[in-house]
Amino acid sequence: MNSVVFECTWRGCGHNTNTCSSIEAHIRNTHLGPKKEGDSDHEEEFYYTEREVMAPAPPPTLSHRDMCRPPHEDPEYQRQLVGSYSSPSSPGRRPRSDNKKCRKVYGMDQRDLWCTQCKWKKACTRFGD
DNA sequence: GCTGCCGGGCC
DNA sequence: GGCCCGGCAGC
Ligand SMILES: [Zn+2]
């Protein structure tokens, strides 16, 4: 019995659901916000991937790379979406990664172990984002 | 309440 | 330039 998994590709999320509507609801509620007037038609669809999952293991077919993936993940499509309409990633819609930075790793009581930027309350340079 | 960090201050 | 903090957004 194979099923389909919808995985959220928002930074540091990775939430999985089993239906298309549920992942879109997750993305809209958790990441994108309530809703916007005149927003891109289906903006949610850019933030998740749909993949089929086999029960035991993936088949050993090495003939083809995965062809026919959804229209997402196309560089042109992405540039078009980001360029014409500064959707997220503009000052105002800032995501938040869940990986720890110097402050949380070492704690306030060991500030001398933080990287310089963290000491100055700037963007961390030791742990990527 | 805490974390990450932009903006802005002081030297 | 180095150094620090207010204040805010995102949890
Ligand atoms: Zn750091």
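Every chain is numbered from 1, with letters handed out A, B, ... down the list of sequences.
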Touch class at under 4.0 angstrom, heavy-atom based, for Cys124(A) against every strand present: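 Cys124(A): backbone/sugar contact only, no base atoms under 4.0 Å.
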How close or far is atom [atom2] of [N] from atom [atom1] of [X], stated in whole angstroms?
X         : N       : atom1 : atom2 : value
Lys100(A) : dC11(C) : NZ    : C1'   : 15 Å
Asn99(A)  : dG4(B)  : CG    : C1'   : 11 Å
Tyr106(A) : dG4(B)  : OH    : P     : 12 Å
Trp114(A) : dC5(B)  : CH2   : C1'   : 12 Å
Lys101(A) : dC11(C) : NZ    : P     : 12 Å
Met108(A) : dC5(C)  : CE    : P     : 10 Å
Lys104(A) : dG10(C) : NZ    : C1'   : 11 Å
Arg126(A) : dG4(B)  : CZ    : C1'   : 15 Å

Thr116(A), nearest nucleotide to its side chain (from dC3(C), dT3(B), dC6(B)):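 Nearest nucleotide to the side chain: dC3(C).
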Could you pull out the protein-nucleic contacts involving nucleotides 7-11 of chain B (nitrogen or oxygen on both sides, under 3.5 Å)?
unit_1: dG7(B); atom_1: O6; unit_2: Lys122(A); atom_2: NZ; d: 2.4
unit_1: dG8(B); atom_1: O6; unit_2: Lys122(A); atom_2: NZ; d: 2.5

Set of salt bridge (charged side-chain N to carboxylate O under 4.0 Å, His left out) partners for Arg111(A), sequence neighbours left out: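 Result, salt bridge (charged side-chain N to carboxylate O under 4.0 Å, His left out) vs Arg111(A): none returned.
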Whether Trp114(A) side chain and Val105(A) backbone form a donor-acceptor pair below 3.5 Å: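 Between the backbone of Val105(A) and the side chain of Trp114(A) there is no qualifying donor-acceptor contact (under 3.5 Å).
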ILVMFWY network linking Val4(A) to Tyr47(A), side-chain heavy atoms under 4.5 angstrom: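 Linked, Val4(A) and Tyr47(A) end up in one cluster.
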Within one Ile-Leu-Val-Met-Phe-Trp-Tyr cluster: Phe127(A) and Leu113(A), side-chain cutoff 4.5 Å: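 Linked within one cluster.
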Where Ile23(A) and Glu7(A) come nearest, the two heavy atoms and their spacing: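 For Ile23(A) versus Glu7(A), the nearest heavy atoms are CD1-C, 4.3 Å.
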Residues which pass side-chain contact (heavy atoms from CB on, under 4.5 Å) with Cys20(A), listed by chain and number, not counting sequence neighbours: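 Result, side-chain contact (heavy atoms from CB on, under 4.5 Å) vs Cys20(A): Phe6(A), Glu24(A), Tyr48(A).
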